[in-house]
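Please read the structure below before turning to the comments.
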2 protein chains.
Amino acid sequence: MTEAPARGRGARSRDAILDTAGELMARHGYAATSISMISAACGLPVSSLYWHFGSKDGIYVAVLERAQTTLLAALPPAEVPGRDLDERLEAFLTEVGDAFQRHQPSVRLLLGLGMVQQDATAAAVAEVRHYRDALMQWARDALSCVFGLRERPEVADELARFTLRMASGTAVARWFDAGAALETGPLRVALRALAAHHGVAVRGAPE
Amino acid sequence: MTEAPARGRGARSRDAILDTAGELMARHGYAATSISMISAACGLPVSSLYWHFGSKDGIYVAVLERAQTTLLAALPPAEVPGRDLDERLEAFLTEVGDAFQRHQPSVRLLLGLGMVQQDATAAAVAEVRHYRDALMQWARDALSCVFGLRERPEVADELARFTLRMASGTAVARWFDAGAALETGPLRVALRALAAHHGVAVRGAPE
DNA sequence: GTCTATATATAGATAGAC
DNA sequence: GTCTATCTATATATAGAC
């Protein structure tokens with residue numbers, strides 16, 4: 001969206017800046033991360049940061065943009081494999097749990113916007129909204145595939161919302177208790193029960 | 001913990017400072033809220049803020065402390081009323097949903113610490129940990145009462161964790177979509193299913 | 001594209017009169 | 001306890017040589 005990601009000398013600097021900025025912002029938050037901190041951490045002078053991104057907010061937007069791209073690109077296809085519901089549900093939960101585990105910094109970064117949303121640029125907010133929408137749609141599609149909900153979009157919607165909120169809540173828990181993982185076991189039971197509650201055929205009781 | 005809350009001239013100022021500081025910090029986050037902003041918003045000079053709280057961090061701790069006290073005091077007794085499981089579960093969910101709705105700023109404030117945790121004082125972190133622990137214990141006790149889990153503490157634990165994570169996730173959702181409420185309907189279905197999954201007697205199928 | 005040097009504003013915090 | 005005035009550090013951002 002901003003520029004091609006892989007080129008000569010300047011592009012490497014660009015990436016280095018985004019790497020360290022992302023790491024620092026994920027750890028300290030946007031407001032608490034200063035340009036000088038980023039400069040010191042990545043070795044390039046402040047003026048270079050401004051040459052590349054124009055402003056602190058520009059860096060922020062670029063960081064979010066990249067985190068979003070990375071995270072969305074890593075999502076598996078919404079066509080969850082598996083011949084029956086149980087296999088697909090298992091595959092879905094494994095994928096979600098893994099992605100959640102692998103992309104901790106991105107998740108943190110994107111969640112963190114909440115605390116600065118009021119001050120953030122329209123561009124930054126839009127970036128995160130887009131990310132959120134894309135994630136939601138993916139979850140909806142994947143769950144629709146898992147439970148066969150092509151005719152019941154509102155159910156797919158509820159299940160997706162449920163799943164994402166549980167994931168967000170777990171991310172929050174991780175702020176206090178590093179190492180908190182997405183509990184896919186209870187989530188599986190809950191999703192099955194919710195589907196069944198809406199009259200979706202769920203071969204075999206949850207227990 | 002810091003001083004008596006209701007006295008003459010100075011105490012009113014103290015409260016005014018905490019009110020506006022809490023509001024600003026809940027909206028912008030800790031780092032993005034400056035002493036001068038608070039001073040301007042509440043009318044008292046910066047030196048008064050320092051006289052009362054010593055430092056910006058002191059204000060933060062006091063704000064968290066008060067938010068915690070308020071929130072915990074508002075929690076209903078863990079002895080959830082109701083003659084059968086369904087009545088108690090309903091009462092529990094209503095209470096949680098209401099508290100969640102009523103105390104939005106406190107929740108936001110306490111969640112927000114996550115983003116500054118790395119830099120925050122030990123005192124601030126301890127404050128939030130204590131809050132979190134108290135909330136968790138309350139949920140555990142209440143759910144234990146709802147489902148009759150005195151002999152199954154690990155199940156009560158799982159249900160409480162599940163509930164709190166869902167609540168946290170919903171708080172996050174509210175950052176993007178104001179007006180997002182705790183969906184007690186799906187939560188009820190999920191909790192019943194989880195209890196049943198662990199062999200707890202849950203008279204009547206969830207649907 | 002990267003560097004040194006710097007402009008300008010505001011941050012957190014204090015001094016001391018009242 | 002509250003005020004005005006101020007110290008010092010650091011923030012974002014720019015200028016201009018290389």
Side-chain angles (χ1 to χ4, degrees), chain A residues 2-22 24-25 27-64 115-116 118-124, chain B residues 2-22 24-25 27-64 115-116 118-124:
Chain A
T2 323
E3 202 183 317
R7 227 105 50 126
R9 35 194 197 290
R12 296 179 60 105
S13 295
R14 209 190 114 97
D15 282 344
I17 295 168
L18 290 184
D19 283 342
T20 66
L24 290 172
M25 287 179 175
R27 191 151 59 218
H28 308 290
Y30 173 76
T33 304
S34 72
I35 301 280
S36 357
M37 280 169 63
I38 304 172
S39 164
C42 77
L44 287 94
V46 269
S47 49
S48 278
L49 308 203
Y50 280 96
W51 188 90
H52 280 285
F53 301 100
S55 69
K56 185 184 178 183
D57 199 273
I59 299 179
Y60 190 35
V61 173
V63 164
L64 289 174
M115 278 281 108
V116 294
Q118 300 266 357
D119 317 279
T121 313
Chain B
T2 322
E3 201 183 317
R7 229 104 51 126
R9 32 190 200 294
R12 296 180 59 105
S13 296
R14 208 190 116 96
D15 281 344
I17 295 168
L18 290 185
D19 283 342
T20 65
L24 290 172
M25 287 178 175
R27 192 151 58 219
H28 308 288
Y30 173 76
T33 303
S34 71
I35 302 279
S36 356
M37 279 169 63
I38 304 171
S39 164
C42 76
L44 286 93
V46 272
S47 50
S48 278
L49 308 204
Y50 280 97
W51 188 89
H52 280 286
F53 301 102
S55 69
K56 184 184 178 182
D57 200 273
I59 298 179
Y60 191 35
V61 173
V63 164
L64 289 174
M115 277 281 107
V116 296
Q118 301 266 357
D119 318 281
T121 314

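For clarity, every value in this text was computed on a predicted model and none was experimentally measured. In what follows, chains carry the letters A, B, and so on, assigned in the order in which the sequence lines appear, proteins first and then strands, with residues in each chain numbered from 1.
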Here the distance between atom P of D:dG1 and atom CD1 of B:I17, to the nearest Å, is 11 Å
One should read off an interatomic distance between A:I59 CD1 and A:L64 CG, to the nearest 0.5 angstrom, of 12.0 Å
Separation of D:dT2 atom P from B:F53 atom CZ, nearest Å, is 11 Å
*Using a cut-off of less than 4.0 Å, is there contact between a side-chain N or O of B:S13 and OP1 or OP2 of D:dT2?*
yes
Let me have the donor-acceptor pairs involving side chains of residues 32-42 of chain B, under 3.5 Å, with sequence neighbours excluded, atom names and distances please.
| from | atom 1 | to | atom 2 | distance (Å) |
| --- | --- | --- | --- | --- |
| B:T33 | OG1 | B:L24 | O | 3.4 |
| B:T33 | OG1 | B:G29 | O | 2.7 |
| B:S34 | OG | B:M37 | N | 3.1 |
| B:S39 | OG | B:L44 | O | 2.6 |

Nucleotide by nucleotide, nucleotides 11-18 of chain D touches protein heavy atoms under 4.0 Å in the pattern (B base, S sugar-phosphate only, - none) SSBBB---
For B:S55 and B:Y50, the nearest pair of non-hydrogen atoms, with its separation, is CA-CE2, 3.8 Å
When rounded to whole Å, the CH2 to C1' distance for the pair B:W51 and D:dT2 reads 10 Å
Taking every heavy atom of A:F53 against every heavy atom of A:A62, the minimum-distance pair comes out as CE2-CB, 3.7 Å
Here the distance between atom P of C:dG12 and atom OH of B:Y60, to the nearest Å, is 14 Å
Nearest heavy-atom contact between B:Y30 and B:K56 is O-NZ, 3.1 Å
Value for CG (B:L18) from OG (B:S13), rounded to nearest 0.5 Å, stands at 11.0 Å
Rounded to whole Å, CG of B:L49 lies from C1' of C:dT14 at a distance of 13 Å
